[in-house]
Q: 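The following block contains the structure, expressed as structure tokens.
Proteins come first, then strands; the chains are lettered A, B, ... in the order of their sequence lines, and each starts at number 1.
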Amino acid sequence: MLEVQGVTVDFDGLRAVDAASFRVDEGCIVGLIGPNGAGKTTLFNTVTGMIRPSAGTVRFAGRDLARLDPADRSRLGIARTFQIVKPFGGLSVRDNVLVGALTRGQAVAEARRTAEATLERLTMTHLADALAASLPLALRKRLEVARALATGPRLLLLDEIMGGLNPTEVNETLTLIRALNAEGLTFLIIEHNMHAIMQIAETVLVLNQGRLIAEGEPAAITRDPQVIAVYLGEPLEPA
Amino acid sequence: MGNEPANELRVSLLVGLPLAAALVAVPTFVSDVFWLGLGITVLMWAALATAWNISGGLAGGLSLGHAAYFGVGAYTATLLFLRFGISPYFGLLAGAVLAGALGAAIGAITLRLRGPFFVLATLAFGIVVHIAAVNWRDLTRGAAGLLLPFGGGARNMLFAGVAPYWYLGLGLLALTLGVTLAIRRSPLGYYLVALREDEDAARALGVKVVRCKVAASAISAALTACAGAFYATYIQYIDPSSTTQFEISVQIALIAIVGGIGTTFGPALGALVVVPLGEILRASLGGGPALMLYGLMLIVIVLAAPNGVIGLLQRLLSMMRSGARRRATTRRSRGHA
């Protein structure tokens, strides 16, 4: 469904991503891990169109995305959350989600119903009228997911939505991801919570200093000597 | 700054209908030309600030060049009438279309700029149009200005009395407010507020940012031009210093900011506060002292009401409401005792 081919990103002489190639098949959950500064979010940004790669191609559903801006890509079915959350602070939680539903071409009344159904799914109904700016961080992260879901995506890119969540909240999030995946939604997930990502991903990609150094099932990744070396020699938690 | 169009519609019907009836009746009771004239000036600036607010407030692109659109409206209506005898009613429409196209073009160029760079670009655009109005003498007669013939008749939007302009001004304000309400209830309104809050997030959700901003800029420019045509037929004389001058751009933005930027009714309320203040000070003190006092009072207003006059009103209203509730509770507990 998503094919990234030789994508390279240079920032003023600094190579943030170096010839990264990978694919995400329809219906899969793919994890993307790596130390801080490895280029994970930059790689995400080339998929959503916020950054244009200096070389390489990104294809989605067989289509080259090079000429499409982030809004076009969202309308094709690629949705994302932001690691540094970006709520529309002055809008209610409901209206935040409503904006996502409107871009699918729904009329305002219909989009409001979509927003409310999405909030219910994420157990946020009681917060619908609250200003987004008033939410604590954990709920702002959940709002990021709600907004992205309201666009009716086929591929959802999650950027560290589990950081700062307590174990119960992490489990709730994993349950939600599994349920959405069972309904056919494909996932590409950046996550620092190793325990969580190893539980849920079918395939894990490891990025280090802009290069993909390993790709495989979680169990194999945790045994990969290169990956262990990158994570400072500490053995990874078994899945 | 919340976006609650449904609620706003209810309030606007509850408060608006009786208010509109009272406003329509004003010329019946006020015959003094000074006060009626002041009222018409307030209506015009209220319409201008409301039109400005569509791009400056809803879309968050602070423009300091709106006098350009005001001038385009005024000159288009005046020149079409003077040169071709076309009624200013149609001239007003032509000016709106022209300014709308200009607003879209300028929008497409400048709206990719962010923050202060955008403000500077609009400022430069306004100055360019002003210089054109002063120097393109074959078209505008430059600083000499253009005079509309007295008594052109109702067919040509040129009335002998002042009262008809009250109604035209009222119509103009109703138009700008109506368009604002319609935008806020439409997808465009939600997109504009979303991209004002966070452009990257809006984009990621599929909002075509530039298209939305261009639309807001075009609508805002077209409505501003309508006010320009209205001004030309009301004063029946225009020159660059009364239409395209930089001070006019500042005044439009200032009124909207004082009233409550980004809200539906705030900018119009701003005109109700700022315009009489300026006019009355000028009439009573005149010249320099009036301007100084005017500036000081604006500072006081902005300090007292950082969210605009409408924000202050909302705070007072909610204080009164909670005060009434407290009194009611006290009464009840006394009754029980």
Q: So do B/Y191 and A/L102 actually touch side chain to side chain, heavy atoms under 4.5 Å?
A: yes

Q: With side chains defined as the heavy atoms from C-beta onward, is the minimum distance between A/M50 and B/D200 less than 4.5 Å?
A: yes

Q: So with a 6.0 Å cut-off around CZ of A/R178, is the heavy-atom count from everything else above 12?
A: yes

Q: Near A/I84 CD1, under 6.0 Å, is it more than 12 heavy atoms from other residues, nucleotides or ligands?
A: no

Q: Can you establish whether the number of heavy atoms outside A/E202 located under 6.0 Å from its atom CD is more than 12?
A: yes

Q: In terms of heavy-atom proximity below 4.5 Å to chain B, should A/R80 be classed as side chain, backbone, both, or neither?
A: side chain

Q: Give the minimum heavy-atom separation between B/D198 and A/F88, together with the two atoms involved.
A: O-CE2, 3.5 Å

Q: Go through the structure and list residues passing salt bridge (Lys or Arg N to Asp or Glu O under 4.0 Å) with B/K213, not counting sequence neighbours.
A: B/E199

Q: Testing the basics here: between A/K86 and B/A201, what is the closest heavy-atom pair and its distance to 0.1 Å?
A: O-CB, 3.5 Å

Q: Given a strict heavy-atom distance threshold of 4.5 Å, which part of A/L98 is in contact with chain B: side chain, backbone, both, or neither?
A: side chain

Q: Using a heavy-atom distance cut-off of less than 4.5 Å, which residues of residues 204-212 of chain B contact chain A?
A: B/A204, B/L205, B/G206, B/V207, B/K208

Q: Report yes if the side chains of A/V108 and B/P187 come closer than 4.5 Å at any heavy-atom pair, otherwise no.
A: yes

Q: Would you say that more than 12 heavy atoms from the other residues, nucleotides or ligands in this model lie under 6.0 Å from the CD of A/Q5, or not?
A: no

Q: With a 4.5 angstrom heavy-atom cut-off, is it the side chain or the backbone of A/T48 that approaches chain B, or both, or neither?
A: neither

Q: Measure across A/S74 and B/R203 and return the closest heavy-atom pair with its distance rounded to 0.1 Å.
A: CB-O, 4.4 Å

